[in-house]
Amino acid sequence: MLLPAIPGLPVMLALLFLTAACGDDTFREPSLWDGPVDPGERDWISAEWEPLWTFGGADDTVLHDPIWVRSWETGAVVWDRGAGQVHAFTEEGEHRWSFGSVGRGPDEFAQVQDIQVSPRGRIYVHDPGNERILVLSAEGEVVERVRLAGMPHSLSMAVLGDSLLALVAAGGAEAPLRVLDLEGREVHRGDLPWEGFRELSPLSRQGHVVSRGNRWVYAFVFGNGWFAFDGLEPVDY
């Protein structure tokens, strides 16, 4: 199951699964559209959700301000902005471990913008404030510290095969798509598959990434547009 980043997640954390989907005649005009198909020909899909498990509540002292949740084969990973920590949960909702705190030290976080889980269960924490991506094992131990020195400011990333990191710069970059290896070396620089992206303001460029394996999607925060990729190759959706 693939879950998107969820900004503003309340203290009561719920891992959800899709149980049913049905068509809805309601059509909402997209604010950004550059596709080959008339938007009026698309169907709007609504869904019903049920809680699989919950964690937190009024007496909870583990989670302070959780804003992102990522699913993986053995449960879920949560980024807690309030405490500056990564938390791991089992499939049944049991808390496994916590890692990190707020600061500028080797195992601390200053300005986390994204968190992703690779197919191997490694957790990648994108922290431009400390100019690095911290890589954790499924057990919560540090595996790599990838330097981001000189990298344009980015808000999101995709993990490609546990060895490459694709980042999309929000502004000021001639080529917004940058790919790094785990040594922090840039191995690819390119554009997104829409010429208009460069013309957008840094605010309008902002987006979130959802990925599974080598397939990933960059979706705008402000607007209804997205770009899909298989590795570094755009996918025509």
Side-chain angles (χ1 to χ4, degrees), residues 3-11 13 62-70 72 76-89 97-118 122-137 140-160 162 164-186 189 192 197 200-211 216-223:
L3 291 179
I6 306 177
L9 191 70
V11 174
L13 173 66
V62 177
L63 299 176
H64 296 260
D65 184 20
I67 61 171
W68 295 322
V69 55
R70 301 291 189 187
W72 57 352
V77 177
V78 174
W79 167 247
D80 186 346
R81 176 175 57 186
Q85 290 184 322
V86 179
H87 297 275
F89 296 85
W97 51 260
S98 301
F99 180 93
S101 59
V102 177
R104 300 284 180 175
D107 297 335
E108 296 175 335
F109 302 108
Q111 189 188 15
V112 171
Q113 297 290 351
D114 198 5
I115 181 170
Q116 297 286 344
V117 180
S118 75
R122 289 185 172 180
I123 301 146
Y124 292 72
V125 187
H126 180 209
D127 184 9
N130 280 323
E131 293 190 319
R132 66 171 173 245
I133 295 172
L134 193 67
V135 186
L136 304 174
S137 70
E141 300 173 347
V142 176
V143 177
E144 301 279 355
R145 292 183 176 90
V146 182
R147 301 302 303 172
L148 293 177
M151 172 72 194
H153 184 68
S154 58
L155 299 178
S156 55
M157 66 178 174
V159 181
L160 308 179
D162 272 312
L164 294 177
L165 304 166
L167 299 101
V168 179
E174 292 184 0
L177 179 60
R178 307 293 180 96
V179 181
L180 308 178
D181 63 17
L182 295 186
E183 300 296 324
R185 296 172 298 201
E186 186 177 287
R189 180 183 296 193
L192 272 71
F197 186 83
L200 296 176
S201 68
L203 183 64
S204 298
R205 283 186 178 190
Q206 295 183 59
H208 291 303
V209 166
V210 177
S211 63
W216 57 285
V217 174
Y218 182 83
F220 287 102
V221 174
F222 304 105

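Keep in mind it's a predicted model, so treat the numbers as computed, not measured. Hydrogens, waters and symmetry mates are skipped; everything else that's a heavy atom, side chains included, is used.
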query = salt bridge (Lys or Arg N to Asp or Glu O under 4.0 Å) with E186: which residues, sequence neighbours excluded?
reply = R178, R189
message = Between D65 and D80 (side chain of the first, backbone of the second, donor and acceptor by atom type, cut-off under 3.5 Å), is there such a pair?
response = no
SB check R145 D107 (cutoff 4.0 Å) = yes
task = Look at the aromatic rings of F220 and F197 and report parallel, tilted or perpendicular, splitting at 30° and 60°.
result = tilted
inquiry  = Suppose we screen for side-chain contact (heavy atoms from CB on, under 4.5 Å). Which residues come up paired with R132, at least two apart in sequence or across chains?
reply    = N130, R147
ask   = Taking the side chain as C-beta and beyond, is there a heavy-atom pair between D127 and Q111 under 4.5 Å?
value = yes
Residues which pass salt bridge (Lys or Arg N to Asp or Glu O under 4.0 Å) with R185, listed by chain and number, not counting sequence neighbours = D181
Presence of salt bridge, R70 and D114, under 4.0 angstrom = yes
Check against side chain to side chain contact (heavy atoms under 4.5 Å, CB included), Q116 and H126 = CA-CA 8 Å; Q116 297 286 344; H126 180 209; over 6 Å; no
message = Suppose we screen for side-chain contact (heavy atoms from CB on, under 4.5 Å). Which residues come up paired with A166, at least two apart in sequence or across chains?
response = A158, L160, L177, V179, W216
task = With the side chain counted from C-beta on, respond yes when W79 and V86 share a heavy-atom pair under 4.5 Å apart, and no when they do not.
result = yes
key: Interatomic distance, H87 atom NE2 to L63 atom CG [nearest 0.5 angstrom]   = 5.0 Å
task = Applying side-chain contact (heavy atoms from CB on, under 4.5 Å), name anything that partners V143, two or more places apart in sequence or on another chain.
result = R122, V135, S137
query = Quick one: does Q85's side chain have a donor or acceptor within less than 3.5 Å of a partner on G100's backbone?
reply = yes
key: Any residue meeting side-chain contact (heavy atoms from CB on, under 4.5 Å) with V221, in chain and number order, not counting sequence neighbours   = Q206, H208
